[in-house]
K.L.:
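One structure follows; several queries about it will come next.
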Amino acid sequence: MKFYSLLLIVSLFLSCTKKEEVPLPPAPLSAVPAANQLAWHEMEMNAFVHFTTNTFTGKEWGYGDEQPSIFNPSDQYDADQWVRTFKETGFKGVILTCKHHDGFCLWPSKYTEHSVKNSPWLYGKGDVVRDVMRACKKYELKFGVYLSPWDRNHANYGSPEYIEYYRNQLKELFDAYGPMFEMWFDGANGGDGYYGGKREKRSIPGSTYYDWPGTLDLVRSMEPEIIFFSDAGPGVRWVGNERGVAGETNWNTITPDTLYAGKGGIEKLLNEGDENGTKWIPAEVDVSIRKGWFYHAEEDALVKTPEQLFDIYLTSVGRGSTLLLNVPPDRRGLIHEKDVASLKGFRELLDTEFANNLVKGKQVYSDNYRAGSDQYHPNNITDVDKNTYWATDDEVKTSNLEIQFDSVKTVKYVVLQEYIPLGQRVKSFTISILQGDIWEPIYNSSTIGYKRIVKLNRPEPCNGIRITIEDAKACPLISNVEVY
Ligand code: FUL
């Protein structure tokens, strides 16, 4: 008798421990984000700041022959106000044009006379790069730099000496103003310029002149975790337009060998990515709050409204990209009142539209979850923990997630997030709402990625919501669902 009870206890113990055995996690896909790319995704909204002699000449592209004396912000200049505004309205990082195509440097570079040090502003002692960097530290925003490869002022542009000059400036910037989270390499190259007085057209072989591998290595030696933006990455890619619109289908992967800076006709590929791309190079959506990238008083009436900014949010962050919104300071050296008002209105819209998540903490039903293990339970999508996720068995690529409400609710937005550390998987999904006893499909689309925000054409009263993953590259992994 004793022996049998012992056996019972042992077998009970074994069955309990077996139940708690966690199945193997899904295998990662071949292209997954690196840690710094993951951190970049999570930033979601960064600010871009274009400020230089163009602000004072009224141009968008300075020729490179501007006198430094024209750069002269007023006593009201206040980089703190720029960054404070970004902080208050929800931006996580700032990228500053330290040097635009005209070659004028916003810091007192020792390698050129074409800089703030020869302007009357603060008797030549001003330094915009330092001020923005300090304000970012104060408000805990990350700081990034734009240093235009094309330089219409420099006499040696087009020759190897210029590459040395460009690299010296990178060293200056990274030595004195770090840490930096992102470095922007602009692909623009219009050819003609002042070039030390030669006033001619210079063309460079775009894919070889800058020796990008060497330049990137140099920057990485100073800032190992930096994200590089260029048309084709390697950190993040251009989204293919300056209108604020990522592809509705938006893969974070491309095969970069097929691309190089300045090559035309690849906008669609950049916009939508490539499902079978070999590298994780997500699109960054750069767009200006104004018509131009620089401040021009005559564009004060054209500042994008809060509603326009909200639409851009939906077509950028809401399509799995990061928004890089340009907000250019005016001639005083302040973010203009109109821009501040628009940004604040935009923030209010975000806060009201996404105020009350109807499914937070709710029970979720699914027709499949990995080996029936709690580790991959569908409740993981409503637990507000980005590190937990629902996963299906390896062979299951179609599955449902269902959430029922206690009473009729009106649904306007559905937010979906894949668990991207193991790769982007979902190829197609459908949203249905429960009306009476019927699940009514109301929306179908393709990719999800880091985040997908679906705005329903008209708010729908319903008793529940169902997300059907129709197809995926491998078993789908969903980390978060919110409903508003
Ligand atoms: C473009 C530039 O030519 C514009 O002036 C601006 O800096 C934009 C962000 O990138 O290529």
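Both ligands and their constituent atoms are indexed starting at 1 by order of listing.
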K.L.:
Can you list, by chain and residue number, every protein residue with a non-hydrogen atom closer than 4.0 Å to ligand 1?
P.N.:
Phe48, His50, Trp61, His100, His101, Tyr146, Trp184, Asp186, Ala188, Glu242, Asp286, Trp293
K.L.:
Taking the six-membered ring for Trp, are Tyr162 and Tyr209 parallel (under 30°), tilted (30 to 60°) or perpendicular (over 60°)?
P.N.:
parallel
K.L.:
Please identify each residue that fulfils ring pair (Phe, Tyr, Trp, His ring centres under 6.0 Å) with Phe56, with sequence neighbours left out.
P.N.:
Phe71
K.L.:
So, Asn252 versus Tyr450: side-chain donor-acceptor pair below 3.5 Å or not?
P.N.:
no
K.L.:
So, do Phe294 and His296 have ring centers that fall under 6.0 Å from each other?
P.N.:
no
K.L.:
For the residue pair Trp251 / Glu272, report whether a side-chain donor-acceptor contact shorter than 3.5 Å exists.
P.N.:
no
K.L.:
Is it true that Tyr177 and Asp127 share a donor-acceptor pair across their side chains at a distance under 3.5 Å?
P.N.:
yes
